[in-house]
Asks: 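Let me give you the structure first, and then I'll get to my questions.
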Amino acid sequence: MDKKEIVSMLEEISSLLDLKGEDKFKISAYSRAARSISQSTDDVVSLIREGEAKKIPGVGEALSKKLTEFVETGRLTFLEELRSSLPEGLPQLFNIHGLGPNKVRTLYEQLDVKSIAELEYACKENRLVTLKGFGQKTQDKVLDEIARFKENSEYRLLDVIHETAASIASLLDKLSGVERYEFTGSYRRRREVIHDIDCVIKFKSGERDKLFAALGKLKGVKEVRETQNDLVSLVWENGIPVEFIIVNKAEYPLAVLHSSGSKEFFAHLKEYASTRGYTLGMRELKRGRDKINFDSEEEIFGQIGLQYIPPELREDGDAVVAAAKGNIPELVTEEDIRGIFHVHTNWSDGAEPLDRMVAAASKLGLSYFGLSDHSKSAFYANGLDEKRLKEQGRLVDEMNKGLKDFFVFKGSEVDILADGKLDYSDAVLKTLDFSVGSVHSKLSMKKDEATKRLTAALKNPYMTFLGHMTGRLLLGRSGYELDMDEIIKTAARNRKIIEINANPHRLDIDWRFIKRAKEAGVRFSINPDAHSKEGLADYRYGVSIARKGWLTKEDLLNTMSLEEVKKFLKNAKS
DNA sequence: GCCGTTTTCGGCCCGACTGTTTTCAGTCG
């Protein structure tokens, strides 16, 4: 039993109660408890076992009993009864953007819709338009969203894949018959969303067949899809497809190269190789009839006359063109990051007090961070009014005096209001070291208005970073539309820093956009948008996105030393 | 279902947006 199971149990109850139309405050009590437990730094399971569940904020008498039952027996009668009172597929419908509890209930009660498949059928038969509260537009939108859901539901965020890959790695490390292995595919390229995990394995001579059999029996395998030639195709217990490609020593480097790049990239590579008189295949490289041997990917690139191309860049032909000219830059690495911005504490909606965040960041080897709790308009996040902001500033000053190898910059994640103004006056913003301008209320879907709002904010000298901007481009939520070129132009002209939001659940920024902005001369910062100690380390995901955007150390603010950053931020305000 | 230096009962984060209405309900962040 772990924390995650408890959290998902509570979340499930919450959404089932929602479907039943229960009291909304009761519903939110469950989701509040789930959030509280997932953010808790205590050993929640032990706490519950010891009968101390009520010490968890948001857990009272009733929940305490349920949690105890769940932890002790692994089951919860209440949840089981709740489940059996509703059709199994119904909660699925929540995945369709725009459908909430009331609409789903209407669909079930009036049309007997119990699953996404049935919903799609009902739309196609034009049955939604007859329902009260529904109309043509809603039906069209539901159909669109179903299509989007189908397209995206098979993709997972990078951090989820990362976790699964790590557990696979620990199993492979112990498996005899494995000489070497490398995760390849879009995971190695560090895409933000990933469909499956690919892994190339070099087998120990003579142990090929044994290895084939062993892979299908790994702990964590849910299903063996197929085994043929050099491929073992599995489904992992969490539903993620995993493909192992098993090759010999001679094939290994090219198999890794082939499996790591996108199809488009490999086609460009192949074409380039042929102009140099080589035939590049999936498993062998030939010059005329002669097979060429090599021990590493580096040697293959060298052989066909290309500079080494880091995996993150192996998306399209651009990297091949650049490598031919020797123009692949030295990309930023995790070690280059000296500090981070966009950090929350429990003054607004973070989980930890400031001192614990400082200690955790320091432990990660960082030498500064920028504190940015929410501004006053973000009531839902307990945003700071001017008075509390000032008070927090005093706390930071006091703390900085006592710190030897760490520095906290005073800042705010300041809301960009509907008219493009910021949530604090210039006089207040002036007292801060920096600010991250963010839009929280929904941006109007109208492209012109949304762009106008952001460009107005970009012109404010007291907004340092443009945060949260391209919004939910991924995983099925259509973001707001913006005129990106206009944003880039204005950001460059006003010397703004664009934040690379490294929170793996947000991933607000697309590397294609980063590349365009870089070319326009915009500078970036990797900001983790950390709400907990664990969240601080998310800057690592930001590094991989930065690399995909071809960023070097020079393109980032937070590769600067503390003294340089201080100077930079001071100049930025003047 | 939780919680209390206003309260053991009566509140609970709130505003924007969309599409459906003919003055508002539902959903989202």
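Since we're looking at a predicted model, the values are computed, not measured. In what follows, chains carry the letters A, B, and so on, assigned in the order in which the sequence lines appear, proteins first and then strands, with residues in each chain numbered from 1.
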Asks: How far, in whole Å, is B:dG11 from B:dC17 if one measures between their C1' atoms?
Replies: 27 Å

Asks: Measure CG/A:L128 against C1'/B:dT18 and give the value in whole Å, please.
Replies: 16 Å

Asks: Taking atom types as modelled, is there a side-chain donor on A:H531 or A:D349 under 3.5 Å from an acceptor on the other?
Replies: yes

Asks: If the C1' atom of B:dC12 is compared with that of B:dT6, how far apart are they to the nearest Å?
Replies: 16 Å

Asks: Do A:N382 and A:S348 have a side chain donor and acceptor closer than 3.5 Å?
Replies: no

Asks: From the set B:dG19, B:dG29, B:dT27, return the single nucleotide nearest to any side-chain atom of A:P101.
Replies: B:dT27

Asks: Rounded to whole Å, please give me the gap between NZ in A:K132 and P in B:dA25.
Replies: 9 Å

Asks: With a 4.0 Å limit, can you tell me whether A:K66 has a side-chain N or O closer than that to the phosphate oxygens OP1/OP2 of B:dG1?
Replies: yes

Asks: Considering only NZ, NE, NH1 and NH2 on the basic side and carboxylate oxygens on the acidic side, decide whether A:E72 and A:K66 come within less than 4.0 Å.
Replies: no

Asks: If only side-chain N and O atoms of A:S28 are considered, is one of them under 4.0 Å from the OP1 or OP2 phosphate oxygen of B:dG1?
Replies: no

Asks: For the pair made of NZ in A:K24 and P in B:dC2, what is the distance, rounded to whole Å?
Replies: 18 Å

Asks: Does A:N102 put a side-chain nitrogen or oxygen below 4.0 Å from OP1 or OP2 of B:dT27?
Replies: yes

Asks: Checking ring pair (Phe, Tyr, Trp, His ring centres under 6.0 Å) against A:F434, which of A:F369, A:F465, A:Y368, A:Y462 comes through?
Replies: A:F465

Asks: Starting at the 5' end of DNA chain B, which residue's closest nucleotide do you reach first, A:N382 or A:L99?
Replies: A:N382

Asks: What's the closest nucleotide to the side chain of A:A62 if the choices are B:dT27, B:dG19, B:dG1?
Replies: B:dG1

Asks: Is the shortest side-chain N/O distance from A:H97 to OP1 or OP2 of B:dG29 below 4.0 Å?
Replies: yes

Asks: Using atom C1' of each nucleotide, how far apart are B:dG19 and B:dG10 to the nearest Å?
Replies: 34 Å

Asks: Roughly how far apart, to the nearest Å, are B:dC13 and B:dG29 at atom C1'?
Replies: 12 Å

Asks: Which residue lies toward the 5' end of DNA chain B, A:F134 or A:V104, if each is placed at its nearest nucleotide?
Replies: A:F134

Asks: Could you tell me the separation between the NZ atom of A:K103 and the C1' atom of B:dG26, rounded to a whole number of Å?
Replies: 5 Å

Asks: Is the closest side-chain donor-acceptor distance between A:T451 and A:E486 under 3.5 Å?
Replies: no

Asks: Would you please say whether a donor-acceptor pair under 3.5 Å links the side chains of A:E352 and A:N346?
Replies: no

Asks: Could you state the CZ-P distance from A:R35 to B:dG29, rounded to the nearest angstrom?
Replies: 14 Å

Asks: Rounded to whole Å, please give me the gap between CZ in A:R32 and P in B:dC14.
Replies: 13 Å

Asks: If you look at every strand shown and take non-hydrogen atoms under 4.0 Å, does A:Q136 touch a base, only sugar-phosphate, or nothing?
Replies: sugar-phosphate

Asks: Taking a pair as Watson-Crick or G-U wobble with both distances under 3.5 Å, which nucleotide is matched to B:dG11?
Replies: B:dC2

Asks: Using the P atoms only, state how far B:dT20 lies from B:dG15, rounded to an integer number of Å.
Replies: 25 Å

Asks: Calculate the interatomic distance between A:D140 atom CG and B:dG19 atom C1'; express it in whole Å.
Replies: 12 Å

Asks: Taking any heavy-atom pair under 4.0 Å as a contact, classify A:D23: base, sugar-phosphate, or nothing.
Replies: base

Asks: In whole angstroms, how far is the P atom of B:dT18 from the CD atom of A:E145?
Replies: 14 Å

Asks: Can you tell which of B:dG1, B:dG19, B:dG26 lies closest to the side chain of A:A29?
Replies: B:dG1

Asks: Take atom C1' in B:dT5 and the same atom in B:dA16, then report the distance between them in whole Å.
Replies: 35 Å

Asks: Provide the distance between the two C1' atoms, one in B:dT7 and one in B:dC2, to the nearest whole Å.
Replies: 14 Å

Asks: Do the side chains of A:R148 and A:E151 get close enough for a salt bridge, i.e. N-O under 4.0 angstrom?
Replies: no

Asks: Could you work out the separation of B:dG1 and B:dT8 based on their C1' atoms and round it to a whole Å?
Replies: 15 Å

